[in-house]
Amino acid sequence: MTTAHDAPEHSGFRLSQLIYDTRYRSLTIQVVVFFLVMAFVGWLVDNTIQNLNALGKDFNFGFLWQRAGYDIGNALIPYNNDMTHGRAMLVGLVNTLWISFLGCVAATILGVVVGVLRLSKNWLVARMMTIYVEVFRNIPLLLWILVAIALLTEVAPSPNAYKINPETGEAKLSMVFESIAFTNRYTAIPSIHFDRSLGVIDTAFMPISLNVLAIAVVLGLCFWINKRLLAHAGRVQEATGKRPTTWWKSALILVVPTLALLIALGFNPDEPVLKGFNFTGGTNVSNSFVALWAGLSLYTAAFIAEIVRAGILAISKGQTEAAYALGLRPNRTMNLVILPQALRVIIPPLISQYLNLTKNSSLAIAVGYLELRGTLGGITLNQTGRELEAITLMMLLYLAISLTISGVMNVYNNRVKLKER
Amino acid sequence: MSDTHAESVAYVRDTMLKPQPAPAGESGAIRWLRENLFSGWLNTLLTVLGVLTIYFFVSHFASWFLHGVWKADSLAECRKIITAEYGQGATGACWAVIRDRWHQFIFGFYQRELYWRPVLTFLLLFVAVGPVLFQWVPKKLIWFTPIYPFLAVWLLWGGSVWGPILVAVGFVLAWIVFSLVGRYGSIAGFSAGAIVAILFWMFGVSPLAGILHAAIPLGIEPVESAKFGGFLLAITLGAGGIVMSLPLGVVLALGRQSDMFLIKTFSVVFIEFIRGVPLITLLFVASLLLNYFLPPGTNFDIILRVMILVTMFSAAYIAEVVRGGLAALPRGQYEAADALGLDYWKAQRLIILPQALKISIPGIVSTFIGMFKDTTLVAFVGLFDPLKGIPDFIRADFAWKGIYWEPFVFVGAIFFILNFAMSRYSMHLENRLQRDHR
Amino acid sequence: MAVSDEVAIQIENMNKWYGQFHVLRDIDLTVQRGERIVIAGPSGSGKSTLIRCINRLEEHQAGKIVVDGIELTNDLKNIDKVRREVGMVFQHFNLFPHLTILENLTLAPIWVRKTPKKEAIETAMHFLEKVKIPEQADKYPGQLSGGQQQRVAIARSLCMKPRIMLFDEPTSALDPEMIKEVLDTMIELAEEGMTMLCVTHEMGFAQAVANRVIFMADGQIVEQNNPHDFFNNPQSERTKQFLSQILGH
Amino acid sequence: MAVSDEVAIQIENMNKWYGQFHVLRDIDLTVQRGERIVIAGPSGSGKSTLIRCINRLEEHQAGKIVVDGIELTNDLKNIDKVRREVGMVFQHFNLFPHLTILENLTLAPIWVRKTPKKEAIETAMHFLEKVKIPEQADKYPGQLSGGQQQRVAIARSLCMKPRIMLFDEPTSALDPEMIKEVLDTMIELAEEGMTMLCVTHEMGFAQAVANRVIFMADGQIVEQNNPHDFFNNPQSERTKQFLSQILGH
Amino acid sequence: ATLDDVKSRGELICGVNTGLVGFAAPDANGNWSGFDVAVCQAVAAAVLGDPSKVKYVPTTGQTRFTALGSGEVDLLARNTTWTYSRDTDLKLQFTATNYYDGQGFMVRKDSGVTSAKELDGASICIQTGTTTELNLADYFKANNMSYQPITVDSNAEGEQQFLAGACDAYTTDASGLAATRAAFANPQDYVILPEIISKEPLAPAVRQGDDQWTDIVRWTIFGLIAAEEYGVTSANIDELAKGTENPEVNRMLGTEGDLGAMLGLDKQWLVRAIKANGNYGEIFAATIGEQTPIGLARGLNAQWTQGGLLYAPPFR
Ligand SMILES: Nc1ncnc2c1ncn2[C@@H]1O[C@H](COP(=O)(O)OP(=O)(O)OP(=O)(O)O)[C@@H](O)[C@H]1O
Ligand SMILES: Nc1ncnc2c1ncn2[C@@H]1O[C@H](COP(=O)(O)OP(=O)(O)OP(=O)(O)O)[C@@H](O)[C@H]1O
Ligand SMILES: [Mg+2]
Ligand SMILES: [Mg+2]
């Protein structure tokens, strides 16, 4: 056995190594790609600069500090037309977040109900839910939003209908619970009023009501105590095997202190009253908001329903059977075995639906609800003619929202990942 | 081992039992009703609620549908007919608007005498995707698939036949160069092919097309894209976007899988950026910003610009779908290709991508459904999509001002039928793939 | 390994249909306490269905099943009682993947038997030692090999202190080298006198521990006998044919 | 079955790590042309890793591997050359499911060796006949049994006319009745004087065809010997223990 | 230069509204017509000799200025108010006002409102992306009143909301209000309030920096206006083009001097422009005038000789 081979001499670095050597090759490719991409980006930027020059424009966010001059129907933070475009953008952003949040909540509730009902043994209900899911999934969201606003404006009465006829002393329509009025322009609901208010702190962003703050603190405390109670029940169970009944204690703890505080503050709802053309006193939730909300929730719920259904189906029958065979009751099986597993399957796609819903909230354009796209990407853009700046800023804001949501999702996914070999 | 007891139970059956029918009460309509609708108070409650809901819908909308008027020249006439037939205050649908304007819902402003062209294009689409999607279509037909996009462009936009042919020639050239140079390494071949093709498209196509057209004027009547509207626009944007985004999506997916940091980063940034913003903002980029990014003086029409952004948008989604397909391939396939001495590009082209793309087809179909629905958003940049653009301008006609629900119902129904069919088909494909899979 | 005279399971004239399909036909079977029964038969003969009827994972439509003196009817309370007395081990383990091994074992004792947690853990560790994997207590099922998982599944059933154990092909999803470790566990259990009903094709196991082998075909009990006679001197044609297939390899 | 003096593979002082885990330690191995080597050892001992290093499916971090006179470095050209000379057969066949058997066989010759298509098909049919399934040429891998698939995989490697063949547990994913047909094919190959490295637990095969058996444990070559001495007179404790497990069944 | 582009292209690209009754709307066959469209056709006739050589690019309130700025359209003939900032900041060049409009309000008759001053607290439907939004805010502020804006995306939607009673008043340019009202099933149930809260001179616009092109569009419009003033109509133009007593008409119609050459056009340019759809008065009457369903009175848009604001500078 002779060694038939001499080791090749290690000569110095050769240029061909850039292409043929695995160590340098990827470096070469990356450098080339990097320069290509940079050249492309540079080309775009150069074009943009030239075009801006040709039009005599510049790239300047100064417009954000100029007077906006337009009104926004439902601003959640204080706003009037004397404030700046920047403030208007903020109002839009808050509105985007608000509609997205409410949309996600409603879509989740509806989606879970529909998803579970689709699995129901009830033939009729299961079929109806299937129809709901298929119809909503396969027709563009835009149509649902347009239908929602059209239904609201055509079916609901105008505020006039609630006007009390001075002769008969009666109105054509009376308000629900004397405090809620559905109209074809908004839904008038009572707002909160405190007789013995603690006052309001004014911050630059938005005024913070001390009353609300106090209630939030008390509620938080109650939840904490309740958690302690449940933990205690758990310990008792660990020690004796018997779990003390807690539901009525929980109910008491959660309700009584808050109620007491509300009474102390002299809480009473400020009911809307019809004055002139419109209701005043309460809060008017505009129909464009309701339509967008309904459209987004109904549409997204159809997708969520499918996710929930798939999630429950994904937990194999074997898990249920094993739990039954151990003597666990169906509801315990659901809570202890099926749900914890189904949630892992459900939550990631669920969150990406939340993302979709948030992005789809930009369809507010169809109903004239002024959110981020409507303010910054709509009226502000139009009044100032700053397309480049406004759209860039708007995209970055949306991107920030998206990345935050998907960041949360990743953290969650990593937390609950099933341990495998 | 055996004790007395066990022995005593020895038993042999000498006559086998025939299956018996299930006992009464275990079958029949009553049982079905009991099991499926009334098997408990909760179920019964649900059934009642369900029936009430159905009743609500039927009672509210049935008369509107049934009182529909099909023949009228304006909304006012419709109203008159309905009042005459069903009495004062009766409501009814005015389907006459659909009858009068159906062609605009479908074709936009495409010349009426040329409707055969989009229709033919649409039918040929099935021939083109047939070999990929349907098992019973002869696989040989696959040669038609790469030709189809050029044919479709030519049929839809018309004009000289030489333009599309020369663009296709560019691909052929690229292929030839790739095969020639490819022997010195795939990357070299790839780059050389791409450069030749791009140079040819940039400097060769239009003069050559001019010369060829002068010599052999083959062509059909050109149609400008401003005439596209309705479902023709939606399908052109959706299908065109998906087709054009496929190569880009595949490249992005490979980039995202790559272990080269920079390439991976660029891919991820692009994909996440596109997926992180609403389509509407991208459409605004198409309509408001794209011209800023291009050299001064360049000008595409808005449909083309929207198409570019739609392509980028769907590329990001396709990339994720293809990535799923790539991830689903067992590692062994890569290793076997390596062990046989295939380099990265050959392995991708011959082994990995054919399989990964096949697995991705259902995902691509779903992406297409999403795209197709989203094309309605182009209404907001002034294009005539079937859902808002077309109805809005029909309402700008005096005769149909105020018509609202009928277009929704009509357009919604078409969307539903197309998308439902596609989603069912993609589910079927998915099942078939699962069965076929080794 | 004594068999007492007490009856553990009594099945009389039991019939079951899936829709119009008659799966179990006129089943009569009495199992004494301490008996170890192996059920064999071709695929689709209704073996699984039979043992699943015993803890009411499936409902029977005619006839009577009495387990431990409790008749299985639609009465939920009875079903609960029976399920507490009967442990079951499945072909695919069906461990709860989101819980650790220890949590898998203590879940039912805590929530069903209302055992204090400490006690439940002690029992669990005891049985884990018995199946020889106490060191895996804090891992998750996904981190264990198939054989280990099946042993955990057996331990999980044992933690409920059942008086009867049902096994549905406990080894058929396992790699050959793991089959032995599971069978060993089951043999040990048998030696302690547990009443066992076991669907299996492991004929070695049947010969080693069964008091009785039951052969099923087409939803009927075709033949039953002690293992020795069953294997060496089968009576019916169906049995002979089946045995030649199984053992002929 | 002559062994020439030419060196086919030379491994010197080779080390490999996965991250911090030292899989292969100081491997020294010289394979003569025409030699048939069987590698055995417990699971996780690094057998697969070793032979995958030989055609650079894995990169080694220290030491030297010379295959057919070509040193495996980072130079892609060398790697390509080596891969053309070395065929490999995997445990899970890794046929390309979207191509017919014939296409599987002709793919690499056409694209890598640039063989004209006609010639490639002829060679492919030749080797298909050799593995005794010429009639399956137009089927897809999914339509074949495991044994047939593995034989196709062997034929696929042979079509590249390799001078060395590597086998990584080629029979361990197969049902018992199919193992023989694959082993037969391999024995035939051995008889033709192909240089072979084979990771396998089929000790019968080792005794029949191997010139040398290498025993690995913990990433090291613990013992190597001719098959007769290896099985009848193992030297190290590890080997003895391993053999008793493998053969003791 | 734009003129050369248009000539070499053989087509004028004209930015128009996506659909506004009377001003710009395509019919069932996709042919555009309307008051704004007539301007496009006149310019096309003047420059290219054929009024049909126009490509219409529908633009929204959002996209119109970019379309013009980026060169996508040669001429923006879309109801666009001439304002200071648009003229300066947005780098547009407004050519000549072809319609004097003003923002007004429409309400239901049975609401009893007779003046905009009574609209305190009302819900008002308003189309987003236009000057009307700013005017409305200013007006209510100046009068110390409050209102609830109900923003809508398109005129069609605004109409629908207003009809359904979702807003107490609909505000937009008075011309738009009239057009909208005319199409209602019962127009007599709605009134347009007397207040006009803003000046809305609507003018076709072109890009800044191409004076020749600006002049062509501007003088085509003036030509149409002057034609009405001097009684040149599409009916008699062939006759008059042979020569008249009036030297200004002769200059316009190219029988005397060569005004066209100063614009880079031929002598007959204005003849063709007027022939396309007639003079200003004819266009007005055919598209939005009192004989049409829209029924707008000339009002401010009458010739200066009739007490209106239309006043074409002399062709000299
Ligand atoms: N839920 C069900 N609905 C309808 N038929 C069923 C159902 N479960 C089982 N069957 C049918 O009942 C018959 C008996 O099934 P069972 O699972 O008891 O057979 P087995 O003897 O356990 O077979 P194997 O050895 O394959 O597990 C089979 O024909 C099966 O197809
Ligand atoms: N990609 C990898 N990353 C990290 N560790 C690895 C990787 N591949 C293998 N290993 C580890 O390296 C060791 C040797 O693996 P190898 O596959 O070579 O063993 P083997 O002897 O072939 O075992 P078997 O008989 O089970 O196939 C094992 O401990 C394995 O866990
Ligand atoms: Mg079974
Ligand atoms: Mg291995």
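Hydrogens, waters and symmetry mates play no part in the numbers below; they use all other heavy atoms, side chains included. Note on naming: letters A, B, ... go to the chains in the order of the sequence lines (proteins, then strands), and numbering restarts at 1 for each one.
Note that the CD1 atom of B:Ile263 and the CZ atom of A:Phe34 stand 12.5 Å from one another [nearest 0.5 Å]. With values rounded to the nearest 0.5 angstrom, B:Leu288 atom CG is found 6.0 Å from A:Leu381 atom CG. Atoms OG1 and CG, from B:Thr53 and A:Leu124 in turn, are 8.5 Å apart once rounded to the nearest 0.5 Å. Between the OG atom in A:Ser362 and the CG atom in B:Leu377 there is a gap of 7.5 Å [rounded to 0.5 Å]. A:Ile139 CD1 to B:Thr376 OG1: the interatomic distance, rounded to the nearest 0.5 Å, is 11.5 Å.
Between chain B and the options A:Glu387, A:Arg137, A:Gln30, A:Met394, heavy-atom pairs under 4.5 Å are most frequent for A:Gln30. Note: A:Ile391 leads A:Thr392, A:Ile391, A:Leu397 in heavy-atom pairs under 4.5 Å with chain B. Counting heavy-atom pairs under 4.5 Å between each of B:Trp405, B:Phe273, B:Phe261 and chain A puts B:Trp405 at the top. Among the candidates A:Leu44, A:Leu399, A:Thr358, the residue making the largest number of heavy-atom pairs closer than 4.5 Å to chain B is A:Leu399. The most heavy-atom pairs under 4.5 Å with chain A, out of B:Ala379, B:Gly412, B:Gly276, come from B:Gly276. Taking chain B as the reference chain and counting heavy-atom pairs below 4.5 Å, the highest number among A:Val135, A:Ile365, A:Val33, A:Leu403 is found for A:Ile365. When each of A:Leu363, A:Val45, A:Asp46 is checked for heavy-atom pairs under 4.5 Å with chain B, A:Leu363 comes out on top. Listed options B:Phe266, B:Phe284, B:Phe372 were ranked by heavy-atom pairs under 4.5 angstrom with chain A; first place goes to B:Phe266.
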Subject >> Working for side-chain contact (heavy atoms from CB on, under 4.5 Å), residues A:Trp43 and B:Leu294 >> reply: CA-CA 8 Å; A:Trp43 182 71; B:Leu294 298 174; 4.2 Å; yes
Subject >> Working for side-chain contact (heavy atoms from CB on, under 4.5 Å), residues B:Leu289 and A:Leu388 >> reply: CA-CA 6 Å; B:Leu289 298 192; A:Leu388 198 55; 3.7 Å; yes
Original post:
Should A:Leu141 and B:Lys373 be marked as a side-chain contact (heavy atoms from CB on, under 4.5 Å) after you check the CA-CA gap, both sets of side-chain angles, and the distance that decides it?
Top reply: CA-CA 8 Å; A:Leu141 168 59; B:Lys373 283 188 291 178; over 6 Å; no
**OP:** Could you please spell out the steps behind the side-chain contact (heavy atoms from CB on, under 4.5 Å) verdict for B:Phe408 and A:Leu143?
**Re:** CA-CA 7 Å; B:Phe408 284 161; A:Leu143 185 128; 4.2 Å; yes
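Neither the backbone nor the side chain of A:Ile131 comes within less than 4.5 Å of any heavy atom of chain B. For a residue to count as touching a neighbouring chain, one of its non-hydrogen atoms must lie under 4.5 Å from one of that chain's; by this rule A:Ala366 touches chain B with backbone and side chain alike. Heavy atoms closer than 4.5 Å to chain A are found in the backbone of B:Asn291, but not in its side chain. Residue contact with chain B, scored on non-hydrogen atoms closer than 4.5 Å, involves the backbone and the side chain of A:Val147 alike. At a 4.5 Å heavy-atom cutoff, the contact between A:Leu117 and chain B is made by side-chain atoms alone. With a 4.5 Å cut-off on non-hydrogen atoms, B:Ser423 touches chain A through its side chain but not through its backbone.
Smallest separation of non-hydrogen atoms from A:Met395 and B:Val277: O-CG1, 3.5 Å. Scanning both residues, A:Pro140 and B:Leu387, for their nearest heavy atoms gives CB-CD2, 4.1 Å.
The number of heavy atoms from other shown groups lying within 6.0 Å of CZ (A:Phe35) does not exceed 12. Heavy-atom neighbours of A:Phe59 CZ from other residues, nucleotides or ligands within 6.0 Å: above the threshold of 12.
Side-chain atoms of A:Lys359 come within 3.5 Å of backbone N or O of B:Arg275 as a donor-acceptor pair. Judged by distance alone, the side chain of A:Asn122 and the main-chain N or O of B:Leu46 form no donor-acceptor pair under 3.5 Å. For A:Asn138 (side chain) and B:Phe416 (main-chain N/O), no donor-acceptor pair under 3.5 Å exists by modelled atom type.
Between A:Asn47 and B:Tyr292, every side-chain heavy-atom pair lies at or beyond the 4.5 Å cut-off.
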